[in-house]
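Here's the structure, in C-alpha cells; my notes come after.
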Amino acid sequence: MGFAKAGRHEYQVQGVMEYIFKNSGALSSAYNSIVASGDNANTLHYVENNKLLKDGDLLLIDAGCEYQYYASDITRTFPINGKFSGAQKEIYEIVLKAQKSAFSVIKIAAKPSEIHKAACQEIIKGLIDLKFLNGSIDEHFNKTPSEFRDYYPHGTGHWLGLDVHDDNTYYQEDGTEMGLIAGSVFTVEPGIYLDHFRHNIPEKYRGIGVRIEDDIHITETGFENLSIDAPKEILEVEAACAINYNDFI
Ligand SMILES: [Mn+2]
C-alpha cells in the first residue's frame, strides 16, 4: 500500500509484493496476482497489470502466496493517493458491512449459500440507499436475474487449501449443500463493481471497483480470520498507505 503511488505501474506494485512473498519464504504465488487500478478493478480476472497508477483512483489487489503447498487468497482495495474520496468511502463501507454480515453467519455446518445471502442482502441494502436500485431487499434477492448482480456478479466464497479454489465439494452425495467443517478454510469476498460505462449512476461513482477478501479458518468454536493482519478498516488502510514501503523490503 505504501509503494503503490501515482506514477508507478501496476506491474511494479506486483513486483514488490511478489518479492516480499519470496523474501518471506513463500516460493510462489497461489495464482496470477490481480493488481487492478481504477476501472480495471471492474474486470474480475484482470491479468494485464500494465497500467499507470493515477491519483484519485483505487487500487484493488487480489493476490496470495503459496506457502508449504498451501494457497492463500486475499483482496484489499485502497486509495492510490492515500485518502478515500467520499464516493469511494461510501462503496467501501457497504462492502465491508457485507463482509461482516457474512462473517456473522459463519459457524460449523453453515452453508455457503447462507454466507452469500448475508453478503448479498447488505450489498442490496447499500445499493438501495444510494438509489442505484429501487424496491426491497427481499424482492431483489429473490429475483432471477436480479439487477443487483450487475453490481455484484460473483459468489461470496470458495474452499481454500492446496489449491486456491480447493477441490472440495459444494454438494454432498444426496444433493444437499455441504456445510462448513472444522479445520477447513473458506474465503469471504464480497465486492461492488461500478464500471465506467454505467451511466445510470452518478459520475462520481463510475470506475469504482471494491472487493475485500479474507481467508477464514473454521474451528470447533467459531472461526479464525487468517488474513486479519492485512489492514481493512478505512482508517487502518489510510494509515497503511502512509507507511514507508522500505520497512518491508
Ligand atoms: Mn478468492
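For ligands, and for the atoms within them, numbers begin at 1 and follow the listed sequence. Residue numbers start at 1 and run along the sequence shown.
- Between T187 and D73 the shortest heavy-atom distance is CG2-OD2, 4.0 Å.
- Taking the charged nitrogens against the carboxylate oxygens, D138 and K143 have no contact shorter than 4.0 Å, which rules out a salt bridge.
- Between Y205 and I91, some side-chain heavy-atom pair lies under the 4.5 Å cut-off.
- Distances from the Mn ion (ligand 1) show that H165 has no N/O/S atom below 2.8 Å.
- The OD2 atom of D73, the Mn ion (ligand 1) and the NE2 atom of H158 define an angle of 80° (nearest 10 degrees).
- The Mn ion (ligand 1) has an N, O or S atom of E213 under 2.8 Å away, backbone or side chain.
- When the salt bridge (charged side-chain N to carboxylate O under 4.0 Å, His left out) test is applied to K100, the partners found at least two apart in sequence or on another chain are E233.
- E189 has its closest N, O or S atom to the Mn ion (ligand 1) at the position named OE2.
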